[in-house]
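What follows is a single structure, written as structure tokens, with notes after it.
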Amino acid sequence: MLNFIYYPISWILWVWHKAFAWLLGVCNLPVDTNPNASGAAWALAIIFLTVTVRLILLYPMVKQVRTSQKMSELQPQIKAIQKKYANDRQRMSLEMSKLQKENGVNMAMGCLPMLIQIPVFIGLFHVLRVFNKMGKSSGGLGYTVAQTRNSGNYYFKPDEVRSFLDARLFGAPLSGYISQPKEQYAAFYPVGTYHPQDEHSLFVAILCVTIPMLLISAVATHMNARMSINRQTSAAAANPQANVMNKMMLWFMPAMLVFSGFIWPIGLLFYMLANNVWTFFQQRWVFKLMDTEEEAELQAKKDAKRASAPKVGQKPTDQTKKKKRKR
């Protein structure tokens, strides 16, 4: 149904994995010779898939930040319009649109990055989960170990599926997640090599990798939200609706990330971490750029005012006298 999302996501991931597998020297080696190097290649592929998506979204993301800042600055005028046309919703909407147009605010452009990132997140979540097709719960397709390890996954061929399933980071498979059904654990080992006693060590490894990554992602999400909120004007921050949204961004979203993390594959957490790191540095760059532009604009206004002012000791011209008489 959503193949138009799954295939492009899997293709970008495939390209980056090929590149990093070659760079790390694990291109043609069996995974069991160096599972951590193979895991690193897959993790880097996921991180650079994130970089690819964020580069594509760089321009609309910058527009989104500018739109948010501009809307924050326009809060006094927005409140005035809301108060003036409280009983006329249609006129209020027209005046809001007019205000946004006059100030170069495009709300649709502000929403575009989120509308694109949601399907990317869903697509990557699905692709990573479908590497393991065992069982019928949690998205499983009822495959056996042999069927799972000898079937493809969108753009990935069976040998690449086996590479992903066998890859490890600190002993944890990248498609593993805390609430994963135990029946799926056998897919992480070559056919016939999995033993029930491996279940405990595998679960502990998944737990030990997932929990720190979830906590780091939650803190990073909170800090990015705080950086954005600190840019709001006092008028915008005083808005009741904005205040609710700010609290959700600061506390609810990080908390939801932690509590929903038990269903997230480890590979998806690399996406979240990379996304948060990118957001942090992008926001700092955009805010600095906006501050520089604002300072340059203020300086230009000062220079223009200084240039039009009469010099010290200079006699007023006829034009200046006329202006004074008019006053």
Side-chain angles (χ1 to χ4, degrees), residues 5 8-9 12-13 15-16 19-20 43-75 100 103-125 128 212-233 236-237 242 245-258 260-261 264 267-297:
I5 295 174
I9 293 297
I12 296 171
L13 186 60
V15 169
W16 281 116
F20 285 109
L44 286 167
I46 293 168
I47 290 169
F48 275 80
L49 178 147
T50 314
V51 171
T52 303
V53 172
R54 294 303 299 265
L55 280 172
I56 293 169
L57 292 176
L58 183 59
Y59 176 73
M61 278 285 189
V62 172
K63 291 290 288 183
Q64 181 189 42
V65 174
R66 289 182 181 276
T67 297
S68 299
Q69 184 69 21
K70 199 68 179 176
M71 289 300 290
S72 177
E73 294 169 0
L74 293 174
Q75 278 301 309
Q100 291 170 12
N103 289 274
V105 175
N106 187 339
M107 295 304 293
M109 183 64 78
C111 297
L112 182 62
M114 183 61 70
L115 293 175
I116 293 176
Q117 282 202 86
I118 289 172
V120 170
F121 180 87
I122 293 171
L124 183 59
F125 178 84
L128 294 178
M213 291 184 73
L214 277 174
L215 293 175
I216 293 169
S217 293
V219 171
T221 300
H222 174 86
M223 296 307 295
N224 285 337
R226 186 168 292 281
M227 188 192 305
S228 180
I229 290 168
N230 287 342
R231 296 284 302 189
Q232 292 180 351
T233 61
M245 287 299 297
N246 289 345
K247 286 180 179 177
M248 286 186 66
M249 288 168 60
L250 282 170
W251 307 108
F252 181 74
M253 295 302 291
M256 280 297 296
L257 193 155
V258 172
S260 64
W264 289 19
L268 196 64
L269 290 172
F270 278 101
Y271 171 85
M272 286 300 299
L273 279 173
N275 207 42
N276 275 314
V277 170
W278 182 282
T279 299
F280 175 79
F281 286 105
Q282 179 180 279
Q283 284 191 156
R284 286 179 64 89
W285 171 68
V286 174
F287 290 154
K288 186 176 180 180
L289 181 66
M290 290 167 62
D291 288 341
T292 303
E293 289 173 353
E294 189 176 333
E295 287 173 10
E297 189 177 337

Worksheet, complete the sentence: For L58 and W285, the nearest pair of non-hydrogen atoms, with its separation, is CD1-CZ3, 4.5 Å
Discussion item. For a quick test of reading the model, state the closest non-hydrogen atom pair linking S217 to L257 and the distance between them.
Written reply: CB-CD2, 3.8 Å
Discussion item. Heavy-atom count check: over 12 atoms from other residues, nucleotides or ligands less than 6.0 Å from F280 CZ?
Written reply: yes
Worksheet item: Hey, mind stepping through L13 and I9 against side chain to side chain contact (heavy atoms under 4.5 Å, CB included) and telling me if it holds?
Response: CA-CA 6 Å; L13 186 60; I9 293 297; 5.5 Å; no
Practice prompt. Would you check if the distance from the ring center of F20 to the ring center of F48 is below 6.0 Å?
Written response: yes
Practice prompt. Search all heavy atoms of V258 against all heavy atoms of L214 and return the closest pair with its distance.
Written response: O-CD1, 4.0 Å
Worksheet entry | Over 12 non-hydrogen atoms of neighbours within 6.0 angstrom of CE in M256 | no
Discussion item. Is it the case that over 12 heavy atoms from other parts of the model lie below 6.0 angstrom from the CE atom of M253?
Written reply: no
Worksheet item: At their closest point, which heavy atom of T50 faces which heavy atom of N275, and how far apart are they?
Response: CG2-N, 3.7 Å
Fill in: side chain to side chain contact (heavy atoms under 4.5 Å, CB included) against L250, all qualifying residues, sequence neighbours excluded
H222, A225, R226, I229
Fill in: Residues that W264 engages under side-chain hydrogen bond (donor to acceptor under 3.5 Å, both in side chains), provided they are two or more places apart
none
Worksheet item: Any sub-3.5 Å donor-acceptor pair from S228's side-chain atoms to N224's backbone N or O?
Response: no
Fill in: Nearest heavy-atom neighbours spanning L268 and L128
N-CD1, 3.4 Å
Worksheet entry | Residues forming a side-chain hydrogen bond (donor to acceptor under 3.5 Å, both in side chains) with T279, sequence neighbours excluded | R54
Practice prompt. Can you see which heavy atom on A274 is nearest to which on I47, and at what distance?
Written response: CB-CG2, 4.0 Å
